[in-house]
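This report refers to the structure that appears directly beneath it.
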Amino acid sequence: MRKVLTIAGSDSSGGAGIQADIKTMIMNGVYAMSAVTALTAQNTTGVTGIMEVTPEFLAQEIDAVFTDIRPDAVKIGMVSSSGLIRTIAEKLRFYEAENIVVDPVMVATSGARLISDEAIDTLKKELLPIATVLTPNIPEAEVLADMKITTKEDMVTAAQKISEAYGCAVLCKGGHNLNDANDLLYYDGCSEWFNGKRIDNPNTHGTGCTLSSAIASNLAKGYDMKEAVRRAKAYISDALAAMLNLGKGSGPMNHAFDLCGRFKESCV
Ligand SMILES: Nc1ncnc2c1ncn2[C@@H]1O[C@H](COP(=O)(O)OP(=O)(O)OP(=O)(O)O)[C@@H](O)[C@H]1O
Ligand SMILES: Cc1ncc(COP(=O)(O)O)c(N)n1
């Protein structure tokens with residue numbers, strides 16, 4: 001069985017972060033492991049508290065995983081401070097980790113800032129250069145490419161700029177566009193669109209975490225970059241189309257959409 005490690009924050013409401021990652025990995029047929037960067041007190045309406053682990057403890061978590069069950073892919077999500085980012089970069093270099101998917105989480109769907117400005121600089125210097133693929137949404141791509149994105153052509157230019165700066169594939173996610181849900185992959189000097197029908201579902205808490213974990217799972221299973229993205233895009237579309245509606249704000253997705261088909265009566 002292929003193994004995937006998520007290095008990310010915990011979301012107490014289970015819609016994003018480590019919880020979304022583990023649900024996604026299980027549904028994508030890989031063994032899921034976690035190194036928690038922070039606890040968040042969070043629900044569908046907002047984040048009320050963040051408690052980071054120390055860099056030393058995060059190092060211990062990563063050591064514990066790599067010295068026993070070596071992951072075939074690593075997904076990195078919320079990492080809010082420079083010390084934690086440096087620790088991750090140092091450990092992943094030391095263990096020569098493969099298939100590193102970085103979701104440069106900056107702001108939660110609910111509007112809460114999940115990283116400091118200083119940490120964004122460290123992210124650029126230390127972590128992005130070791131990534132296999134980055135998955136920024138449009139506001140994150142604007143920060144990383146240092147440009148405004150208003151058109152499809154801008155998405156391509158930004159993805160190319162980021163890819164050339166950090167030597168990795170870039171998937172610029174179009175979930176923040178109002179008319180479609182088309183994502184742009186810039187890989188090996190070429191761009192390719194992964195088009196998605198916009199699903200009329202306001203419950204999008206954790207879509208970015210889910211997509212990046214699905215990509216990591218598919219890379220771990222040996223799919224090439226394009227196929228890994230194509231399958232991950234299909235997964236997120238199905239999870240959104242299952243139309244789960246929980247909580248008072250932007251709710252989580254239904255990762256059990258497949259199981260609900262198979263075990264109809266037990267998924268009420
Ligand atoms: N309403 C929607 N219908 C279909 N696909 C969507 C919708 N919203 C987001 N997506 C898809 O979900 C994935 C995540 O995109 P998005 O741009 O929302 O990332 P994000 O902002 O990082 O997510 P998050 O909500 O976790 O912060 C992309 O593949 C995007 O196209
Ligand atoms: C622990 C954690 N990690 C990531 C996100 C981003 O996800 P979203 O933008 O969907 O809220 C989050 N809200 N919480």
Side-chain angles (χ1 to χ4, degrees), residues 6-24 34-53 75-80 84 101-115 133-144 149 152 155 158-159 170-185 193-215 228-244 247 249-253:
T6 168
I7 305 177
S10 159
D11 169 1
S12 49
S13 63
I18 291 277
Q19 289 81 355
D21 297 342
I22 292 178
K23 291 173 196 182
T24 303
S34 62
V36 180
T37 57
L39 305 178
T40 69
Q42 179 174 181
N43 61 24
T44 62
T45 65
V47 179
T48 52
I50 298 180
M51 189 173 162
E52 272 183 11
V53 302
K75 174 248 153 100
I76 301 163
M78 172 189 168
V79 198
S80 43
L84 294 173
V101 181
V102 179
D103 183 15
V105 176
M106 296 182 188
V107 180
T109 305
S110 56
R113 254 327 267 273
L114 297 175
I115 188 168
V133 56
L134 297 179
T135 62
N137 61 23
I138 287 179
E140 290 156 354
E142 288 182 330
V143 171
L144 297 178
I149 300 175
K152 292 187 131 205
M155 279 173 79
V170 175
L171 183 69
C172 184
K173 298 172 292 191
H176 292 240
N177 289 333
L178 290 182
N179 301 322
D180 56 41
N182 299 342
D183 303 341
L184 183 273
L185 177 69
W193 286 97
F194 291 81
N195 292 340
K197 197 166 105 11
R198 190 154 193 90
I199 298 158
D200 190 14
N201 184 352
N203 298 304
T204 58
H205 180 58
T207 49
C209 306
T210 299
L211 184 73
S212 52
S213 293
I215 295 172
V229 170
R230 193 190 66 73
R231 285 171 175 260
K233 181 76 177 151
Y235 181 80
I236 186 84
S237 303
D238 285 347
L240 273 170
M243 299 303 274
L244 184 65
S250 177
M253 271 153 296

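Every number for a ligand or one of its atoms is a count from 1 in the order of the listing. Since the structure is predicted, the reported quantities are computational estimates derived from the model, not experimental observations.
A side-chain donor-acceptor contact under 3.5 Å links Lys23 to the backbone of Gly14. Using a distance-only test at 3.5 Å, with no hydrogens or angles considered, no donor-acceptor pair links the side chain of Thr48 to the main chain of Gln42. Without hydrogens or angle criteria, Asn203 side chain to Leu244 main chain gives a donor-acceptor distance under 3.5 Å. Under a 3.5 Å cut-off, the side chain of Thr45 and the backbone N or O of Gly249 do not form any donor-acceptor pair. With hydrogens and angles disregarded, no donor-acceptor distance shorter than 3.5 Å links the side chain of Lys233 to the backbone of Asn195.
Annotation: atom 7 (O) of ligand 2 to nearest protein heavy atom, Ala16 CB, 3.7 Å. The protein atom (non-hydrogen) at minimum distance from atom 9 (C) of ligand 1 is Gly175 CA, 3.6 Å. Nearest protein heavy-atom contact of atom 13 (N) of ligand 2 is Gln42 OE1, 2.7 Å. For atom 5 (N) of ligand 1, the closest non-hydrogen atom on the protein side is Ala181 CB, 3.3 Å. Among all protein heavy atoms, the one lying closest to atom 26 (O) of ligand 1 is Gly208 N, 2.7 Å. Here the heavy atom of the protein found nearest to atom 21 (O) of ligand 1 is His176 NE2, 2.6 Å. Looking from atom 11 (O) of ligand 2 to the surrounding protein, the closest heavy atom is Thr109 N, 3.1 Å. Distance from atom 7 (C) of ligand 1 to its nearest protein heavy atom, with residue and atom name: Leu240 CD1, 3.6 Å. Given atom 11 (C) of ligand 1, the protein heavy atom at minimum distance is Lys233 NZ, 4.1 Å. Atom 27 (O) of ligand 1 has its closest protein heavy atom at Thr109 OG1, 3.8 Å.
Of all the listed residues (Val107, Asp180, Asn137), Asn137 holds the heavy atom that lies closest to atom 20 (P) of ligand 1. Proximity annotation for atom 14 (C) of ligand 1: of Ile199, Thr207, Asn182, Val105, Thr207 comes nearest, heavy atoms only. Comparing Leu114, Asn195, Asp183 against atom 29 (O) of ligand 1, the shortest heavy-atom distance belongs to Asp183.
Considering only heavy atoms from C-beta on, Arg198 stays 4.5 Å or farther from Asn179 through its side chain. With a 4.5 Å cut-off on side-chain heavy atoms, Leu114 and Ile50 count as touching. At a threshold of 4.5 Å between non-hydrogen side-chain atoms, the residues Lys152 and Asp180 count as touching. Inter-residue side-chain proximity for Val133 and Ile215 is flagged as met; some heavy-atom pair is nearer than 4.5 Å. Residues Leu84 and Met78 have side chains not in contact (no heavy-atom distance under 4.5 Å, counting atoms from C-beta outward).
When only interatomic distances are considered, the shortest N/O to N/O separation between Asp11 and ligand 2 does not fall below 3.5 Å. Polar contact check, Lys173 against ligand 1: a nitrogen or oxygen pair lies under 3.5 Å apart. In terms of polar-atom proximity, Thr204 is counted as a contact of ligand 1, with an N or O under 3.5 Å from an N or O of the ligand.
Residue contact annotation: Gly206 has a non-hydrogen atom under 4.0 Å from ligand 1. Taking 4.0 Å as the cut-off, Cys209 counts as a neighbour of ligand 2 on heavy-atom distance. Taking a 4.0 Å cut-off on heavy atoms, Gly206 registers as neighbouring ligand 2. Taking a 4.0 Å cut-off on heavy atoms, Ser250 fails to register as neighbouring ligand 2. Residue contacts with ligand 1 leave out His205, since none of its heavy atoms falls under 4.0 Å from the ligand.
Under 4.0 angstrom from ligand 1, there are no non-hydrogen atoms of Thr135. Contacts with ligand 2 closer than 4.0 Å are made by side-chain heavy atoms of Met78 only, the backbone lying farther away. When non-hydrogen atoms are compared, ligand 2 lies under 4.0 Å from the backbone of Ser10 (N, CA, C, O) but not from its side chain. Only the side chain of Leu114 comes within 4.0 Å of ligand 2, judged by heavy-atom distances.
Near Lys197, meaning under 4.0 Å from one of its heavy atoms, ligand 1 places the atoms 3 (N), 4 (C). Taking every heavy atom of Gly9 and a limit of under 4.0 angstrom, the matching atoms of ligand 2 come to 1 (C). Close approach of ligand 2 to His205 (heavy-atom distance below 4.0 Å) involves ligand atoms 10 (O), 11 (O), 13 (N).
For the atom pair Asp21 CG and Ser212 OG, the distance stands at 6.0 Å (nearest 0.5 Å). Here CG of Leu134 is found 9.5 Å from CD1 of Ile76. Values are rounded to the nearest 0.5 Å. Rounded to the nearest 0.5 angstrom, Cys172 SG and Glu142 CD are separated by 9.0 Å. Atoms OG1 and CD1, on Thr210 and Ile236 in that order, are 4.5 Å from each other to the nearest 0.5 Å. Interatomic distance, Ile22 CD1 to Cys209 SG, rounded to the nearest 0.5 Å: 12.0 Å.
Of the N and O atoms on the side chains of Ser10 and Gln19, at least one donor lies less than 3.5 Å from an acceptor on the other residue.
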